[in-house]
Structure formats: structure tokens, C-alpha cells
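What follows is a single structure, written as C-alpha cells, with notes after it.
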Number of protein chains: 2
Amino acid sequence: MFQILIMFSKACEYGIRATVYIAQESLSGNRASLKVIAKEIDSPEAFTAKILQQLARHNLILSTKGPHGGFEIAPENLYHLTLDKIVKSIDGDEIYQGCGLGLKACDADNPCPLHFQFLEVRNKLSLMLHTTKIYEMAEGIVDGSAFLRR
Amino acid sequence: MFQILIMFSKACEYGIRATVYIAQESLSGNRASLKVIAKEIDSPEAFTAKILQQLARHNLILSTKGPHGGFEIAPENLYHLTLDKIVKSIDGDEIYQGCGLGLKACDADNPCPLHFQFLEVRNKLSLMLHTTKIYEMAEGIVDGSAFLRR
DNA sequence: TAAATAAAGGACAAAAAGGTCTTAATATAT
DNA sequence: ATATATTAAGACCTTTTTGTCCTTTATTTA
């Protein structure tokens, strides 16, 4: 019976942190290897690999095998990529659906007793995810005003 | 890799729904038995029992054994009880702490790149939980404007 | 073309959340 | 007192999430 309330899954946490790190490297034209990523964001390497595979399959990041390979974000994506894409890619599409109290059917016509309050909070979160850009987060790391580990 | 983003644990969902149902019965001076609660909120009986035990241990609800026993909310609690108490009792105290990106140390001085955005959403949720009263939710059930199952 | 480097993929293991079952304890009514 | 109804508690099982390890595939460089 533990668990934090507004939360990302571990997969999502690592996914976001990894992507921000990759973005940071991409800003200066470098690829990042899995090994370095996992070290820099302090995440389990093999698990992080799975997550990055998934992000690559969804074309949010690019992966290249072989020497000097690694992960990067395509220039045309770098300035557009928002948090919600990462989250959706990892935790699935139903993020913004589903009744807060777990009812199978819950809508404005047949609401659970928390429906409207819940909607407000969820909309706020949704807005946050849609407007937060990965490259902005990455810039915070570059200029030292934010951190990806510790 | 599934999971909904702003969410209660299943334990919390059942706990909230059960409490609202108990409040509804308490409003008209009745106790509710586990069997009836589980049926009315459509939850697994034995699991619901565990959750109610916990709420009772924390003195959020009262339980009475034996014939005509069951669960109720003490009159002096009934109009004061808010959602956050239920959630805290079930999911623990760290609900409003913890870095959104999973960093061990993350605060205004040493923030993760999502710290301030996250805080806003969390504050909104916190406010919602602190201001939503159980008896108000129960009244919604009574007057037919909201539902605990389906 | 061979060796080295890196990601991809699949099988497996561990931990946490969700859920069940059985027995014990307690209250009530007769 | 006894039978019955009800919650409490603990042991156990199942599913999901998190995490590891090993083999395969692709790319680069010598």
C-alpha cells in the first residue's frame, strides 16, 4: 500500500530523464550511448535500454548501432518534442482517460462523485505535459539551473 | 508498462468508494456491513475488508463486530472528514513529497528540470483533496447526481 | 573480411501491488 | 450458555512492474 499520487511509473521517470539527457547531447551535436546515459541519469542500464528501445520504435528518438553509435534526437524533433509524447509512448494512450475512482463508466452524464474535481486536476496536468518541451528541460541542465541526478 | 497517470491505487479507489458509501448510510443513521459495502461499490470483499480495517485503525471510521455490526462514521467526524485523510491513511504520508522524476534530493535550490511545473499540479491536487468532503460526495449519491458503481 | 562496438530482443528473476482464504475474536439475541 | 453474525488478523497466492542477463544483429574501423 505505497505509491505516490501524481506519479510517473519508474519506466517513465527513467524515460524522461534519459530523453532530457539525450536532448542535451543532441543540442551540441553528440550522440549518447546507453552506458553513458544510464550513468549520467543514475538508472539501471538494462531497464533503461528497454525504455529507449520503445521510444526509438515510436520514432521519438533515433538509435544507431555500432561504434560511435548511440541515441540522439532528430534536429526536426528536438525543438518540438514535448513531455506528453514521452509519457504517452511509455505509459500508453489511456493516460487521460479512466475514472479517478475506477468506475468502468464515468462521464459528465453519469459521474462518479469526484468526476468534476478530478477533471480539473487532470486538465492542469495535461496542459503541463503538453506545454513542457524537452529541449527547455535540457537547457536547464546545460545552464546549471536543474539537475538529472542526486 | 501501463498505469494511469494521476491515479489512486486500487486500495485507495476502493477505500474512497467504501467510505463514501458508509457516509451515506451514516447520514441516515445506519451501519453498513462489509458484505453490503462490497456489493454496492462493486469491489473484492476480502480486499475491501483489509482497507476498512486500516481506516478503522486510523480512527477514520468505526467498526462494530457481531450481529447488526458493521462500519459507520462517527457523527463528530461525518461532516469534517476530507478525502486527503482517506488517501493519506491508505497510501501513506509521502503523498505530497517525492520528486516527480524520482530524484532522491530535489527541491527549489536543487530542482529537477520539472520541479516547479510539477509542484503547481501537485498543489492543485492537494487543494482538491483537502477541500473535498466525504459527506458532500455522499450527498451526491443520495440525491442521484453521482454514482459509486457502473 | 575480421574484430570491435553498440543497440535489439528474448528469457528469466525479484519486488510490489492486488487479491483470497482460513481461523480467531467479539458482540448480540435467544 | 449457546448459536449466530460480524469484523480482525495472518498466511498465502496471482499479476504487474521493475529489473537482469545472455544472445543476436547491425555498424564501423582497421
Side-chain angles (χ1 to χ4, degrees), chain A residues 1-5 7-19 22 25 30-39 41-73 87 90-92 94 101-102, chain B residues 1-5 7-19 22 25 30-39 41-73 87 90-92 94 98 102:
Chain A
M1 306 236 197
F2 281 97
Q3 184 178 195
I4 299 174
L5 202 58
M7 70 177 311
F8 299 110
S9 60
K10 279 288 161 195
C12 233
E13 286 180 3
Y14 300 148
I16 294 169
R17 275 151 62 195
T19 306
I22 296 166
E25 289 301 294
N30 299 124
R31 278 191 195 127
S33 77
L34 170 64
K35 189 171 292 188
V36 171
I37 294 167
K39 194 191 214 172
I41 70 169
D42 190 24
S43 68
E45 192 174 315
F47 191 42
T48 306
K50 301 286 179 201
I51 297 159
L52 293 179
Q53 276 168 39
Q54 198 164 340
L55 295 176
R57 261 186 257 119
H58 285 83
N59 300 310
L60 298 181
I61 61 179
L62 297 173
S63 77
T64 315
K65 290 180 179 179
H68 302 296
F71 298 90
E72 69 195 296
I73 299 179
V87 175
I90 296 173
D91 276 353
E94 331 72 6
L101 294 186
Chain B
M1 307 232 194
F2 280 97
Q3 183 177 199
I4 299 175
L5 201 59
M7 68 176 313
F8 298 110
S9 61
K10 279 288 163 195
C12 233
E13 286 180 5
Y14 300 147
I16 294 171
R17 276 152 62 195
T19 306
I22 295 166
E25 290 301 294
N30 299 126
R31 280 193 192 122
S33 78
L34 171 63
K35 191 174 289 188
V36 170
I37 294 169
K39 193 190 213 174
I41 71 169
D42 189 27
S43 67
E45 195 175 312
F47 191 41
T48 305
K50 297 288 180 204
I51 297 158
L52 293 179
Q53 276 169 40
Q54 198 164 341
L55 295 177
R57 258 185 261 120
H58 284 83
N59 301 309
L60 300 181
I61 61 179
L62 297 174
S63 77
T64 314
K65 290 178 179 180
H68 303 295
F71 298 90
E72 69 195 294
I73 299 180
V87 174
I90 297 172
D91 276 352
E94 332 71 7

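Reminder, nothing fancy here: chain letters follow the sequence lines and each chain counts from 1.
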Quick one: which of [options] gets closest to the side chain of [X]?
X	options	answer
A/S33	D/dA8, C/dA8, C/dA6	C/dA6
B/P44	D/dT7, C/dA7, C/dT20	C/dT20
A/K10	D/dT7, C/dG9, D/dT18	D/dT18
B/F47	C/dG19, D/dT7, C/dA8	C/dG19
A/S9	D/dT18, C/dT20, C/dA8	D/dT18

Report the distance from atom [atom1] of [X] to atom [atom2] of [N], rounded to the nearest whole Å.
X	N	atom1	atom2	value
A/Q53	C/dA11	CD	P	14 Å
A/I90	D/dT17	CD1	P	14 Å
B/L55	D/dA9	CG	P	13 Å
B/K35	D/dT4	NZ	P	15 Å
B/L62	D/dT6	CG	P	18 Å
B/Q54	C/dA17	CD	P	12 Å
A/L34	D/dG19	CG	P	14 Å
B/E45	C/dC21	CD	P	11 Å

Would you please name every residue forming a side-chain contact (heavy atoms from CB on, under 4.5 Å) with [X], sequence neighbours left out?
X	result
A/E13	A/F8, A/K10, A/R17
B/H58	B/Q54, B/L60, B/S89
A/K65	none
B/E25	B/Y21, B/N30, B/A32

Taking only side-chain nitrogens and oxygens of [X], does any of them come within less than 4.0 Å of OP1 or OP2 of [N]?
X	N	result
A/S63	C/dA6	no
A/R57	C/dG9	yes
A/Y14	D/dG19	yes

Taking the side chain as everything from C-beta on, heavy atoms only, tell me whether B/T19 gets closer than 4.5 Å to B/I73.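 Of all side-chain heavy-atom pairs linking B/I73 with B/T19, at least one is under 4.5 Å.
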Looking at C/dG10, does its base get a donor-acceptor pair with the side chain of A/K50 below 3.5 Å?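 When only heavy-atom distances are counted, A/K50 does reach the base of C/dG10 through a donor-acceptor pair under 3.5 Å.
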Pick out the pairs of N or O atoms, protein on one side and nucleotides 26-30 of chain D on the other, that lie under 3.5 Å.
residue	atom	partner	partner atom	Å
D/dA26	O4'	A/K65	NZ	3.3

Nearest 0.5 Å, please: how far is NZ in B/K50 from CG in B/L55?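 With rounding to 0.5 Å, CG (B/L55) is 13.5 Å from NZ (B/K50).
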If the condition is ring pair (Phe, Tyr, Trp, His ring centres under 6.0 Å), which residues does A/Y14 pass it with, not counting sequence neighbours?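 A/Y14 satisfies ring pair (Phe, Tyr, Trp, His ring centres under 6.0 Å) with A/F47 once adjacent residues are dropped.
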